[in-house]
There are 2 protein chains.
Amino acid sequence: MRSSSIANTIFKVLEGQEDHLTAKEIYEKVKVTLSAVDPSTVYRSLERMVHQGQVSVSDMGGPAVVYELVTKNPHHHLVCEQCGKKLTFKNGEIADFLNEVQKESGFQITTNHLVLFGICPACQKKK
Amino acid sequence: MRSSSIANTIFKVLEGQEDHLTAKEIYEKVKVTLSAVDPSTVYRSLERMVHQGQVSVSDMGGPAVVYELVTKNPHHHLVCEQCGKKLTFKNGEIADFLNEVQKESGFQITTNHLVLFGICPACQKKK
DNA sequence: GTATAATATGCAAAGATTTGCATTTACAAT
DNA sequence: ATTGTAAATGCAAATCTTTGCATATTATAC
């Protein structure tokens, strides 16, 4: 009697989402559609999607790690520790660096959502 | 009747530690010395130390984020997603990259423990 | 030293996440 | 279609972490 799998529902939730979501936020949104779903199922399903490379996990400095669909266009962030302001890098700038690391280490780099932390110009002045 | 602060104990625990520890592991080790300590106190104290820049938090791909003392010599890791093997970068290689980012963005970079993920040569062959 | 304020700690309860196990569903081979 | 196997799900319990509030400790100003 199940109309759609949890994974599909998670996929749809992440698809219609600008921002990154925490596991709990995803569970809440899935529950809107599948009201009887168990949290453990959502968490496990999410985990599975990460392991299969469809979803990325990142620590953006918030209270919990956040999830996002892995798209064809990798991107990376620079987050201000103080005010939370986020900058998004075009992939190119970072890709060169990752390629270099790949060449030197022999590892095939899978990081597709790098997050760097810093203090933005505005917050530097405040200090 | 308290002989030493929690923060001091956490500091000592992290000091005598090669590897990175999870919050729970730190709590367990603190409890050895301060048997009556409350977990919430350890977690809060740890949080405080992170906020003050004495301790770094990183997601190393394990079940929970790990903590480490911030030392004078920043270092960075490359972790194999499959077998968990860890490579440690000398700072130089990464520092150049971070300096570049700093120059271009105007952010003062605070990331001092970067973790990249990939697949190590051995695991690539297995596949 | 005393008073005052700020910080750290403990305790209890709530919240979030994980785990073990039984059941159901999907898939493949026959 | 039937069977066998692997994967996904639900449920209950355990575990880990956070939060609110009261108390204790430490630091600061007087």
Side-chain angles (χ1 to χ4, degrees), chain A residues 1-15 17 19-69 81-82 84, chain B residues 1-15 17 19-69 81-82 84:
Chain A
M1 192 59 83
R2 205 167 292 122
S3 61
S4 67
S5 76
I6 309 288
N8 275 339
T9 310
I10 293 177
F11 198 89
K12 280 180 209 147
V13 163
L14 290 176
E15 220 173 9
Q17 194 60 28
D19 226 348
H20 312 289
L21 296 175
T22 66
K24 191 192 149 210
E25 287 167 344
I26 292 171
Y27 163 61
E28 299 294 351
K29 284 178 184 285
V30 168
K31 204 166 55 169
V32 172
T33 307
L34 304 173
S35 55
V37 75
D38 192 80
S40 73
T41 306
V42 174
Y43 289 130
R44 270 194 279 229
S45 198
L46 199 46
E47 175 87 7
R48 212 176 295 139
M49 294 169 86
V50 170
H51 189 254
Q52 294 169 352
Q54 302 154 313
V55 171
S56 71
V57 205
S58 327
D59 179 353
M60 301 272 289
V65 297
V66 292
Y67 297 84
E68 184 186 19
L69 274 191
E81 278 189 349
Q82 313 214 338
Chain B
M1 193 61 80
R2 204 167 290 121
S3 61
S4 67
S5 77
I6 309 289
N8 276 339
T9 310
I10 292 177
F11 198 89
K12 281 180 209 146
V13 163
L14 290 176
E15 220 173 10
Q17 194 60 29
D19 226 349
H20 312 289
L21 297 175
T22 66
K24 191 194 148 209
E25 287 167 343
I26 292 171
Y27 163 62
E28 299 294 352
K29 283 177 185 286
V30 167
K31 205 165 56 170
V32 172
T33 307
L34 304 173
S35 55
V37 74
D38 192 82
S40 73
T41 306
V42 174
Y43 289 131
R44 269 194 280 228
S45 199
L46 199 47
E47 176 88 7
R48 211 176 295 139
M49 295 170 86
V50 170
H51 189 255
Q52 295 169 352
Q54 302 154 314
V55 171
S56 72
V57 204
S58 326
D59 179 352
M60 302 270 290
V65 296
V66 292
Y67 298 82
E68 184 185 18
L69 274 192
E81 278 189 350
Q82 313 213 339

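Convention: sequence-line order gives letters A, B, ...; per-chain numbering from 1.
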Position toward the 5' end of DNA chain C (nearest nucleotide), B:Ser45 or B:Pro63: B:Ser45
Side chain to side chain donor-acceptor pair (under 3.5 Å) involving B:Glu68 - partner list, sequence neighbours excluded: B:His20, B:His75, B:His113
Axis deviation across the helix from C:dG1-D:dC30 to C:dT30-D:dA1, five-pair ends, to the nearest 10°: 40°
Distance, rounded to the nearest Å, where A:Gln52 contributes CD and D:dA7 contributes P: 10 Å
Write out a two-atom table: protein N or O, nucleotide N or O from nucleotides 15-17 of chain C, distance below 3.5 Å.
{"residue": "C:dA16", "atom": "OP1", "partner": "A:Lys24", "partner atom": "NZ", "Å": "2.4"}
{"residue": "C:dT17", "atom": "OP2", "partner": "A:Tyr43", "partner atom": "OH", "Å": "2.2"}

For atom OH of A:Tyr27 and atom P of D:dT9, their distance in whole Å: 14 Å
Whole-Å gap separating P (D:dT19) and CD (B:Glu47): 9 Å
Atom pair distance, as rounded to whole Å: OH in B:Tyr67 and P in D:dC16: 14 Å
Short side-chain N/O contact from B:Thr41 to OP1 or OP2 of C:dG10, under 4.0 Å: yes
Nucleotide D:dA13, atom P - distance to CG of A:Asp38 in whole Å: 13 Å
Nearest to side-chain heavy atoms of B:Arg44, which nucleotide of D:dC21, D:dT9, C:dT19: D:dC21
Closest nucleotide among C:dA12, D:dT9, C:dT18 to the A:Ser40 side chain: C:dT18
Side chain to side chain, B:Leu21 and B:Tyr67, heavy atoms closer than 4.5 Å: no
For A:Asp59, side chain to side chain donor-acceptor pair (under 3.5 Å) partners two or more places apart: none
Qualifying residues under side chain to side chain contact (heavy atoms under 4.5 Å, CB included), relative to B:Gln54, sequence neighbours excluded: B:Met49, B:Gln52
A:Thr22: partners by side chain to side chain contact (heavy atoms under 4.5 Å, CB included), with sequence neighbours left out: A:Lys24, A:Glu25, A:Ala64, A:Val66
Distance, rounded to the nearest Å, where B:Asn8 contributes CG and D:dT25 contributes P: 16 Å
B:Leu46 CG to C:dA8 C1', straight-line distance once rounded to whole Å: 15 Å
All side chain to side chain contact (heavy atoms under 4.5 Å, CB included) counterparts of B:Val30, not counting sequence neighbours: B:Thr9, B:Ile10, B:Val13, B:Ile26, B:Leu34, B:Val37, B:Val42
Spatial distance of atom CD (B:Glu47) from atom CZ (B:Arg44) [nearest 0.5 Å]: 10.5 Å
Any pair counted as ring pair (Phe, Tyr, Trp, His ring centres under 6.0 Å), so long as it reaches residues 22-63 of chain B, sequence neighbours left out: none
Proximal nucleotide (of C:dT9, D:dG10, D:dT9) relative to the A:Arg48 side chain: D:dT9
Rounded distance in Å - NZ (B:Lys31) to P (C:dG10): 13 Å
Nearest-0.5 Å distance that lies between atom NZ in B:Lys31 and atom CG in B:Asp38: 10.5 Å
